[in-house]
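Here is the naming used below: chain letters follow the sequence lines, and residue numbers restart at 1 for every chain.
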Amino acid sequence: MSIENKNFRPKIVAFCCNWCSYAGADLAGSSRLSYPADVKVIRVPCSCRVNPMFILRAFEKGADGVIMCGCHPGDCHYSTGNYYARRRMTLLFSMLDYIGVENGRTRVEWVSAAEGVKFSDTMNSFVEKIYSLGENVRLGDLRCRS
Amino acid sequence: MSAKKKQAELIEEISGVNPLKCMKCGKCSASCPSYNEMDIKPHQFVSYVINEDVESLVNSASLWKCLSCFACVERCPRDVKPGKLIDAARQMVVRQKEQTYLSPDEIPELLDPELPQQLLVSAFRRYRR
Amino acid sequence: MKYSYYPGCTLRTKAKDLDDYARASAKALGFELEEIEDWQCCGGVYPLGTDEIATKLSCVRALNAAKEKEQELVTVCSACHHVMKRVNDDMKNVEDICTRANNYMELDEPYKGETNVLHFLEVLRDKVGFDELKKKVVNPLTGKKIGAYYGCLLLRPGKVLNFDNPENPKIMEDFIRAIGAEPVIYPYRNECCGGYISLKEKEMAENMCDKITESAEGFGADMLITACPLCMYNLNKSSRREIPVVYFTEILAEALGVKEVQA
Amino acid sequence: MQRIGVFVCHCGSNIAATVDVAKVAEMALMEPGVVHAEDYQYMCSEAGQAKIADAIHEKKLSGIVVCSCSPRMHEATFRKAAERAGLNPYMVEIANIREHCSWIHKDMEEATKKAVILMRAAVAKVNLNTPLQPGESRVTKRALIIGGGIAGIQTALDIADAGYEVDIVEKTPSIGGRMSQLDKTFPTLDCSACILTPKMVEASAHEKINIYTYSEVENVSGFVGDFTVDIRKKARSVDMDKCTGCGVCQEKCPSKKAPSEFNRGLNNRSAIYTPFAQAIPNVPVIDREACIKFKTGKCGICSKVCQAGAIDYEQKDEIITEKYGAIVVATGFDTINLEKYDEYAYSQSKDVITSLELERVMNAAGPTHGHLERLSDGKAPKEMVFIQCVGSRCADDRGKPYCSKICCMYTAKHAMLIRDKYPDVNVTVFYIDVRTPGKNFDEFYRRAVEQYGVNYIKGQVGKVIPQPNGKLLVQGSDLLDNRQILKEADMVVLATAIEPNPDVRKIATMLTASIDTNNFLTEAHAKLRPVESPTAGIFLSGVCQGPKDIPETVAQAGAAAVKAIGLLAKDKLLTNPCTAHSDELLCNGCSTCENVCPYGAITYEDKEVNDHGIREVRRLAVVNSALCQGCGACTVACPSGAMDLQGFSNRQIIAEVDAICR
């Protein structure tokens, strides 16, 4: 962590599909499995609804990490949505890597509706990773900084 | 990594075979024309690699009984190719110094006038570096 | 039609017949076998290890020579055919082997499996055509009951060699029919004769060859044909039965009426 | 500008203990568009809902945000409350400040901060919400069953018994399917025909069931509740109404060289034929490929002998177009072609047969009249060898990667029946694993071993070697004894892998039902929706979805029927309004969206558009909102940004992202 950012609190956006991962997050909640408050979940119908543009937008607006969660491959509510998502994210991540956004700032995880524990574990480890990477300065729109 | 594990991985690497694909149906042993001459049977090769007991494999008589006739390779329903495993084990032996199954000194007494060159060439390639 | 021809070591020496009859028959059938210059022995056995490169280079040289002449490569010996096709498959489909072999070879243009490898029997089937062959037969071998002995090297692995159905081939049977004889189908025709094992383990080879000849005779074969000098040697030497074994090219030459010319 | 109300729930102390709810409400008032904010003990209670309704009326709210538990819990509740108060239900958004906030955080300040952000995101989204209307579509109260085997028959009976019209389309001349070819059934060994025939009769006599045999589905259009299907009734060359089923024509037919499909080609049938004695309908068809009259123009004997005058050589294929609300696929299976398994000598020896062929051999109506005999010389066998997993569980391209599931049981059945009827015949089974999960199944297999003395050997067979004396030498492994076995047998029976009926690919394409790499139809959810296709209104019955035995098939057939009935019982279907739609001015007609849509909901039409005054006809994507399930795959795939999803639009999601990152 840099000296300037002693009180660094990351902004983390989590896209969760309605059928598996959002339910998994609910289960983490009802099981009282804590994870840092830095994570904010956005509900989408399916991981395949997550446009790579949304992730770029988040980084532009100052997010320090973006994680996408969907149903396990083969379990997609819409049969094939998460396969599309997986392919898109593979491409996006390699592009982000190319432009210098650290690999660890983005992640894809498959979390089923029954995996409350996995959801909280995933969020804990992801937030930890983002803390270690520090503030995202690479893609942020400078006009958005205060 | 233990030496045993290294050896097992080397066999997998040389052979290009994934022994975990085996479902232990025994079709290789059912197809093998050298079955009765072998101490370790074709279907057992994979277990020796999985159990990292390459030493037993390289010391087995089976190495020199396999004909590379590819009957097991052709018929294996799991694409395991036991013939390739045994060949990799044989390679591990003959690639070591002075570890050959056939030395040039032996040749003259084995020869007969009709023996085709192909036989000698093949045997040399199989039995020694 | 001109093909690059790879005779192999044994056809130069002990199996001269196989070679001579092949060339004579080719001439009679109207295609030419142009021997590759300075060919080297294929090694007789395809090296199975994924890390075997040097042992495959002699084949790559021959394959590349055919490529440079823009010819298909023809072999007669089963073993050469086997090794050549598999090395070619590696060059075509296994990137690692292809790269490393080309690094050794330092060719003007890397070889990537462009050459089509054909066994002489495949030329008869796919290029000449068995119907066409039938028309050219002058001495049909009528009444002869011939068992085809395929062995291993022509057929397996079926996916790479792509020669015929490895468990129930018919190319040699069709060939036998084309030259006017009657094929005898027997189940051991694609079982191993023992190969090089006969050098050190004679008894093993004997048992295996006996099974083959016994099965062939049991189904009524008068003679066996083969495309492999080693099979021929084993079946003649190791089998305790007397059934004659000849090269397929010999009866081909006989049927085409060019046998004596050559001999 | 929206007029938004924000309602913050305490959920007793569930939320209020960790989140400063009053603070959240207070902060809400600072958000753009928010004209009302309040907090209350239990928003989901009647009193809470009344507060929402009151605020909607008093403050003329155009949208509301409820900060409460998960939308999966009470979104529907609050939507209904809003609707009752005259607000479009899709103008409601939930900020999940319980499961995603109060329950997982301990620090009040932190939790409150997060709750405010979640509220802001919801407000930002609702600002962009638009009222949505679920569409309505009508339901045609008639079901189509494709395939007339036991699966199709059972589904048809169950739907018809519920009072709905059902049509069965069967490709062959009779219903009955594979089950009609079986001799006995496991694990009770009752005769297959004895339990199947009554069902066939029941189906054909049912006033609500209409059977089209010798017919195939040719085209399907429409969508759930409203399919239009073209059915080709192949020319039978026999008048269904006139034929009395006397059978004289079949007896007199001089062409008796066509291989009998019903007996798996083990014997021949006449050119005019019914596949088997109990066929329904009991009306023959003329196989025009085999018929002398059709081949040469001469003959016509059947016409001469037919007292009823039912033979009609001029008959033509007929296309029937019919409407259906639901379609059930019950296309069943066949055994795989064994040409890639010549090591078992199936094509070399007549005495190597498949298990399904053995069913015919064992059956009294079969080619040997039920006598167990070698097909090469008619001799009674003394040694029988069964080989399991022929083509099943194969990782290479010769066979199938899956377990065919039924083979272990039918092999035990065959072995037991043979040992029972012919005690002097020795039976050996080569197996890899014996898989007998199922009620009374393992007991059944053990009975074959213990009571009937069937010799089970663990190990696969490498080669079947025909001998000059006509016997078969079986070379196999005995893995437990670690030896190679050479066993002389008189007959070898191959437990051949099953595969979906090859027609299923064509049918799935017509239905836009998805299919897996093995050509089995995919279910909507592997665990929770096993009898529905992901395509709405398409249901799956029997082996078309995966290998199954008869009891499982019947169970699934019933389940598929219930799902179809559930659909047919509705007069109208409300469609989810959160569907994709395409901006006509942005769409470039590239078909990318069509290719990613798992439901076939997107088609292309030539439409006239007015692009800033320029009128022209363009090829444009059109979403059928009755088929669209709202996954959003197309919205991301669309290269020109024309495709968007209502309820989860690009702008809405970006607004949420912005609110969170603010």
Can you say whether A:A23 sits under 4.5 Å from chain D via the side chain, the backbone, both, or neither, judging by heavy atoms? both
Who wins among D:L528, D:I654, D:N650 for the most heavy-atom pairs under 4.5 Å with chain A? D:N650
What do the steps show when you test D:V657 against A:F15 for side chain to side chain contact (heavy atoms under 4.5 Å, CB included), and what is the final call? CA-CA 10 Å; D:V657 169; A:F15 290 100; 3.8 Å; yes
Any side-chain heavy-atom pair from A:R9 and D:E110 closer than 4.5 angstrom? yes
Contact class of D:A524 relative to chain A, heavy atoms under 4.5 angstrom: backbone
Could you have a look at D:A121, D:C101, D:P71, D:C578 and say which one has the most heavy-atom pairs with chain A under 4.5 angstrom? D:P71
Among D:L118, D:L645, D:V596, the residue with the most heavy-atom pairs under 4.5 Å to chain A is D:V596
Can you say whether A:S30 sits under 4.5 Å from chain D via the side chain, the backbone, both, or neither, judging by heavy atoms? both
Short side-chain to backbone donor-acceptor contact, D:R662 and A:K61, under 3.5 Å: no
For chain D, which of A:A58, A:G81, A:S31, A:C17 has the most heavy-atom pairs under 4.5 Å? A:A58
Let me know if D:S533 has heavy atoms under 4.5 Å from chain A in its side chain, its backbone, both or neither. neither
Part of D:T522 within contact of chain A (heavy atom distance under 4.5 Å): neither
Okay, D:K125 and chain A: the region with an atom under 4.5 Å from a heavy atom over there is neither
Taking all non-hydrogen atoms of both residues, which atom of D:C661 and which atom of A:A63 are closest, and how far apart? SG-CB, 3.7 Å
Segment of D:A633 engaging chain A (4.5 angstrom heavy-atom cut-off): both
Nearest non-hydrogen partners of D:S70 and A:Y22, listed with the distance: OG-CE2, 3.7 Å
Atom NZ of residue position D:K113 - does it have more than 12 heavy atoms of other residues, nucleotides or ligands inside 6.0 Å? no
Please work out which of the three classes, parallel, tilted or perpendicular, describes the rings of A:F119 and D:H100, given edges at 30° and 60°. parallel
For the student: nearest non-hydrogen atoms of A:G29 and D:I104, plus distance: CA-CG2, 3.8 Å
Taking only heavy atoms into account, what residues of residues 33-56 of chain A are found under 4.5 Å from chain D? A:L33, A:S34, A:Y35, A:P36, A:A37, A:V39, A:K40, A:V41, A:I42, A:R43, A:V44, A:P45, A:C46, A:C48, A:R49, A:V50, A:N51, A:P52, A:F54
Could you check which of D:I660, D:D107, D:I653 has the highest count of heavy-atom pairs closer than 4.5 Å to chain A? D:I653
Could you report the tightest heavy-atom contact between D:N14 and A:R32, atom names first, then the distance? OD1-NH2, 4.0 Å
Tightest non-hydrogen contact, residues A:Y78 and D:C631, listed as CG-CB, 3.2 Å
Tabulate, in ascending numerical order, the residues of residues 89-99 of chain D having at least one heavy atom closer than 4.5 Å to a heavy atom of chain A, or enter 'none'. D:N96, D:E99
